[in-house]
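In what follows, a structure is listed as structure tokens, so that the remarks can point back to it.
The chains referred to below are lettered A, B, ... by the order of the sequence lines, with proteins before strands, and numbering in each begins at 1.
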There are 2 protein chains.
Amino acid sequence: MSIIFSKKCEYGLQAVLYLSSITESAVASADEISGKLRIPKEFVSKILQELTESGMVNSKKGKNGGFFLDKPVNQIKLMDIVQAIDGDSIFRTCVLGFPNCSNEAPCPVHETWSKLSKETFDMLNQETLDQFILKTKKKIQSIS
Amino acid sequence: MSIIFSKKCEYGLQAVLYLSSITESAVASADEISGKLRIPKEFVSKILQELTESGMVNSKKGKNGGFFLDKPVNQIKLMDIVQAIDGDSIFRTCVLGFPNCSNEAPCPVHETWSKLSKETFDMLNQETLDQFILKTKKKIQSIS
DNA sequence: TATTAATCGGAATTTTTACTCTGATATGTC
DNA sequence: GACATATCAGAGTAAAAATTCCGATTAATA
């Protein structure tokens, strides 16, 4: 079974996208997020706690509390979340798993993958959350 | 930690590439492959046994035995090995992990990823092992 | 025929990832 | 102040992936 990002990272990305899609500065509880995205509550709660440590997200305890983005949506990129959870190893290592794959010692698909890897990185690193809001809202609506 | 292919799949790809790089119809023991590729012997042995079941590879027991490709190198594609080990779920599921991501209910990066995903698939599915032989030999030499 | 060197099949183990539980603490509201 | 509803921290559990082990079988060769 192949994966691109760990489940943790997937859920983190989805949760942050969710937070970006609700009215600015609004808080959402783990319970709400879990319900809307259909992902395990305790798990997403734990993930958002971790993202709180990395400064992407902030939280408010107690009644009516929850999580909210700690930066303006035009200052957060999907890559920031990936970086915080899974790191960037996927963009630095060989697709085929060969050691020390580089321009000097390339694997058979090194050149092609380098290009695709870069484009994938750009996909996550060029746009900011605000540019996705409309699409995000639609996608989330389609879930429930 | 993100990955593209499971370790099993990575090792499988490497092992099959190795087999394609040695003189046609020559056999290589798990021990030889493990040594050349610096990957765990027992593990690669197990993986090649599985690929034997899928008909990509064949084996010869007993002294001087080992594994060898069961088809001509111009009839094997990297995707065949990926398919046999990891399947093609990576090319069919959402990068962000959203459920039912499709043209009808796309995630924020659906369009971009569709394109990249297809190109990655092509990378593995367009060329056959014979077209990689030179590069494969060089890469394997660079390891030892 | 004994020895040596392989794969084979299946189970066992280890490690990592995914996910849950619990008890503590904070906070808004009646 | 009591209560309900949150996060928080850390431990605990479950499941999956990675890796190893073992005993059986097979085959070349001395």
Side-chain angles (χ1 to χ4, degrees), chain A residues 1-15 19 22 26-70 82 84-87 89-90 97, chain B residues 1-15 19 22 26-70 82 84-87 89-90 97:
Chain A
M1 219 260 269
S2 328
I3 59 165
I4 306 277
F5 302 123
S6 65
K7 274 260 163 289
K8 198 168 166 180
C9 191
E10 285 183 1
Y11 292 161
L13 286 162
Q14 292 179 29
L19 291 177
I22 57 179
V27 301
S29 69
D31 203 51
E32 172 184 343
I33 299 170
S34 154
K36 290 284 170 59
L37 298 174
R38 305 275 168 85
I39 61 185
K41 175 188 163 182
E42 307 287 355
F43 198 20
V44 79
S45 166
K46 181 105 296 187
I47 295 165
L48 287 169
Q49 280 169 39
E50 288 184 30
L51 287 176
T52 297
E53 287 175 28
S54 348
M56 320 277 341
V57 164
N58 209 333
S59 68
K60 197 181 153 197
K61 278 184 165 187
K63 198 163 186 178
N64 304 325
F67 297 94
F68 56 96
L69 297 181
D70 204 24
V82 171
I85 300 178
D86 275 357
S89 69
I90 201 171
Chain B
M1 218 262 265
S2 329
I3 60 164
I4 306 277
F5 302 123
S6 65
K7 275 257 164 294
K8 200 168 165 181
C9 190
E10 284 183 3
Y11 292 161
L13 286 162
Q14 291 179 30
L19 291 177
I22 57 180
V27 301
S29 68
D31 203 52
E32 171 185 342
I33 298 170
S34 155
K36 289 283 169 60
L37 297 174
R38 305 275 169 83
I39 62 185
K41 176 188 163 183
E42 307 287 354
F43 198 19
V44 80
S45 166
K46 182 104 296 189
I47 295 165
L48 287 170
Q49 279 169 39
E50 289 184 29
L51 287 176
T52 297
E53 287 174 30
S54 347
M56 320 276 342
V57 163
N58 209 333
S59 69
K60 198 183 153 198
K61 276 186 164 187
K63 196 162 187 177
N64 303 326
F67 296 94
F68 57 96
L69 297 181
D70 204 25
V82 172
I85 300 179
D86 274 358
S89 70
I90 200 171

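Considering CE of A:Met56 and CG of A:Leu69, their distance stands at 8.0 Å, rounded to 0.5 Å. Residue B:Met1 holds its CE atom at 15.0 Å from CD1 of A:Ile85, rounded to the nearest 0.5 Å. Of the inter-residue distances, the one linking A:Asp70 atom CG with A:Ser59 atom OG reads 9.0 Å to the nearest 0.5 angstrom.
Put simply, the side chain of A:Ser34 gets close to the backbone of A:Ile39: a donor and an acceptor are under 3.5 Å apart.
For the pair A:Ser59 and A:Lys63, both in contact range of DNA chain D, the more 5′-proximal nearest nucleotide belongs to A:Lys63. Residue-to-nucleotide proximity on DNA chain C shows that, of A:Asn64 and A:Lys7, the 5′-proximal contact is made by A:Lys7. Residues A:Ser6 and A:Gly62 each lie close to DNA chain C; by heavy-atom proximity, the contact nearer the 5' end of the strand is made by A:Ser6.
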Task: A:Phe5 and A:Leu13: CA distance, side-chain angles, deciding distance, side-chain contact (heavy atoms from CB on, under 4.5 Å) verdict - done: CA-CA 10 Å; A:Phe5 302 123; A:Leu13 286 162; 4.2 Å; yes
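On the nucleic acid side, DNA chain C contacts chain B at distances under 4.0 Å to non-hydrogen atoms, with the end points of that region at C:dT4 to C:dT17. Put simply, chain B comes within 4.0 Å of DNA chain D, heavy atom to any atom, from D:dA18 to D:dT29, going 5' to 3'.
The shortest side-chain heavy-atom distance between B:Asn64 and B:Val27 does not fall under the 4.5 Å cut-off. Counting only heavy atoms from C-beta outward, the side chains of B:Gln49 and B:Glu53 never approach each other to under 4.5 Å. Looking only at side-chain heavy atoms (C-beta outward), A:Phe67 and A:Asn58 stay at 4.5 Å or farther from each other. Proximity of A:Tyr11 to A:Pro40: side-chain heavy atoms (C-beta onward) are separated by under 4.5 Å at one or more points.
Counting non-hydrogen atoms under 4.0 angstrom, B:Lys46 reaches a base of the nucleic acid.
Partner of A:Gln14 under the side-chain contact (heavy atoms from CB on, under 4.5 Å) criterion, out of A:Leu19, A:Ile33, A:Leu37: A:Leu37 alone.
Relative to the axis of its first five pairs, the axis of the last five pairs of the helix from C:dT1-D:dA30 to C:dC30-D:dG1 sits at 10°, rounded to 10 degrees.
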